[in-house]
There are 2 protein chains.
Amino acid sequence: TIELENIKKIYPMGTSGVTALAGIDLTVETGEMVAIMGSSGSGKSTLLNLLGCLDRPTTGNYRLTGENVSAMTKTQLAAIRNREIGFVFQGFNLLGKMTALHNVELPLIYTGAGKSEMARRAAEALGWVGLTRFSHHLPNQLSGGQQQRVAIARALVNNPTLILADEPTGALDSRTSLEIMAVIQRLHRERGITIVIVTHEPEIAGYCQRLIRLKDGCIISDQPVNRP
Amino acid sequence: TIELENIKKIYPMGTSGVTALAGIDLTVETGEMVAIMGSSGSGKSTLLNLLGCLDRPTTGNYRLTGENVSAMTKTQLAAIRNREIGFVFQGFNLLGKMTALHNVELPLIYTGAGKSEMARRAAEALGWVGLTRFSHHLPNQLSGGQQQRVAIARALVNNPTLILADEPTGALDSRTSLEIMAVIQRLHRERGITIVIVTHEPEIAGYCQRLIRLKDGCIISDQPVNRP
Ligand SMILES: Nc1ncnc2c1ncn2[C@@H]1O[C@H](COP(=O)(O)OP(=O)(O)OP(=O)(O)O)[C@@H](O)[C@H]1O
Ligand SMILES: Nc1ncnc2c1ncn2[C@@H]1O[C@H](COP(=O)(O)OP(=O)(O)OP(=O)(O)O)[C@@H](O)[C@H]1O
Ligand SMILES: [Mg+2]
Ligand SMILES: [Mg+2]
């Protein structure tokens, strides 16, 4: 379970800083699939980075499965990130000198899996996103949408309990987007993973059970998604 | 006018290479506004990079305003790119150590404009994309959609005769997308700029007069866009 209590994030800049989150209260239960929407600059990525323990709030409390994240050491945070969380970055964040396969293998290094098992599981994840033929391409030998799909495979490969995806279909055409959402939906149903997806596409929000809207760093609505 | 004749692009890789464009014939008249759609990996960015003289075809001819681009020197190509073409990259490609304002000023360096005129015109372009308040942010102090809008302002600032935009609204929510398309449409009507937009959003293609669809590096359709 995720519990955020009066979370504020003020980036230091100039005299008064930039308030990206202005006081967020949010609870997400284990196994929920939630969409976050809001206009450009409304604080979606900032919120996702905090949920993923990649950044700390300026004030406020964040409890993840009952433990207060703000009280954790950097080592504990890194351990949670590596073992429990799959993160899809808005900018993909692939390592430029490693092939698609090696990029997807990276999270498995923390699990102590052997070389051949790492390669097998990474190849399986690349298969889920339709990129088996591109396993040995470097990121700059891949199209934008192909890089995004490698980033998605990397987030899924480690069997995370929590997936945080920042605009995961932003660079994809609609048919490829549907294929990716079918993979995420299947993992959600089979494994009960908690999923938070930032998106600006209403069709993607339609895959979730709940839609949270952000505006100027505040939650302005939090409603169930009505299934057609 | 843009004239492509049997353009092929084969990226060197492995034994047989990767064929990104398999023989493209295309004419775009001055002042046309064209959309290019196609699934992830179909060759859209490759085609746009060739049109923008950022890369050379493996075989085939490209004539820009009657001159054969393949016969030009690197210096001539750079001169055309800097003076005539505004390019919006799929990955934004902002310089990380420069503010939003300085990134937008960059193309003006080639025009011999003075410092204060550069700053005035760059500030105007940032105003068009709604980012006046963020002029002094570095790229990593901007959200994804804000970075994309800085890249758009940079492509427009130099009064290009040709704008090539690769998924210019990919990171934007729908309202911000409409604001950006309104800017591009206004410049198209006021100045008769030739515009080629790669997109996977049908709403964006709806702003254009013509829609070209790519599949596996080939043009599979090229139709007027029917206005509702
Ligand atoms: N430098 C390269 N070396 C090898 N293959 C490449 C290289 N650049 C691109 N490719 C391949 O060429 C094909 C076309 O790539 P391109 O970037 O043009 O696609 P795209 O239509 O823009 O896709 P997207 O919508 O995902 O951005 C892809 O399959 C890609 O893997
Ligand atoms: N390091 C930083 N320093 C200063 N301001 C920042 C920093 N990072 C983000 N911001 C600002 O915080 C606000 C929220 O940014 P955030 O990236 O969370 O927005 P977003 O909702 O993800 O937007 P988008 O849809 O464009 O990706 C933006 O106005 C941005 O300019
Ligand atoms: Mg964002
Ligand atoms: Mg592309």
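Every chain is numbered from 1 and lettered A, B, ... according to where its sequence line falls, protein lines coming before strand lines.
- With hydrogens and angles ignored, the 3.5 Å screen pairs no side-chain donor or acceptor of B:R213 with any backbone N or O of B:Q223.
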Original post:
Under the side chain to side chain contact (heavy atoms under 4.5 Å, CB included) criterion, do B:L54 and B:F87 qualify, and how do the steps go?
Top reply: CA-CA 10 Å; B:L54 290 161; B:F87 203 104; 3.4 Å; yes

Subject >> Candidate pair A:L162 and A:E84, rule side chain to side chain contact (heavy atoms under 4.5 Å, CB included), full reasoning >> reply: CA-CA 6 Å; A:L162 171 63; A:E84 309 285 333; 5.6 Å; no

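- Comparing B:P202, B:G144, B:G14 by heavy-atom pairs within less than 4.5 Å of chain A, the highest count is held by B:G144.
- Heavy-atom neighbours of B:R210 CZ from other residues, nucleotides or ligands within 6.0 Å: above the threshold of 12.
- Both the backbone and the side chain of A:S40 come within contact range of chain B, with heavy atoms under 4.5 Å apart.
- When each of B:Q90, B:Q147, B:M13 is scored by its heavy-atom pairs under 4.5 Å with chain A, the top score falls to B:M13.
- Of the candidates B:V88, B:V104, B:I163, B:I163 is the only one forming a side-chain contact (heavy atoms from CB on, under 4.5 Å) with B:L156.
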Original post:
Can you check side chain to side chain contact (heavy atoms under 4.5 Å, CB included) on B:L51 and B:Y62, steps first, answer last?
Top reply: CA-CA 8 Å; B:L51 289 177; B:Y62 172 20; 4.1 Å; yes

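- For A:T46, no part lies under 4.5 angstrom from a heavy atom of chain B.
- If you measure heavy-atom distances from A:Q146 to chain B, the contacts under 4.5 Å come from both the backbone and the side chain.
- Residues of residues 170-181 of chain B that come closer than 4.5 Å to chain A, counting heavy atoms only, are B:G170, B:A171, B:L172, B:D173, B:T176, ordered by residue number.
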**OP:** Decide yes or no on side chain to side chain contact (heavy atoms under 4.5 Å, CB included) for B:I219 and B:D25, but give the supporting numbers first.
**Re:** CA-CA 8 Å; B:I219 292 179; B:D25 292 300; over 6 Å; no

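- No other option in A:E201, A:M37, A:R149, A:E167 has as many heavy-atom pairs under 4.5 Å with chain B as A:R149.
- Here the options are A:N49, A:D55, A:T58, the test is side-chain hydrogen bond (donor to acceptor under 3.5 Å, both in side chains), and the partner is A:K9; only A:D55 passes.
- Annotation: residues 125-138 of chain B contacts chain A through B:H136, B:H137 [non-hydrogen atoms, separation under 4.5 Å].
- Around CZ of A:R189, the count of heavy atoms belonging to other residues, nucleotides or ligands within 6.0 Å does not exceed 12.
- No donor-acceptor distance shorter than 3.5 angstrom exists from the side chain of A:K44 to the backbone of A:I197, with no hydrogens or angles considered.
- In this model, a donor atom of one side chain and an acceptor atom of the other lie less than 3.5 Å apart for A:E105 and A:H102.
- To the nearest 0.5 angstrom, B:I36 atom CD1 is 5.5 Å from B:I212 atom CD1.
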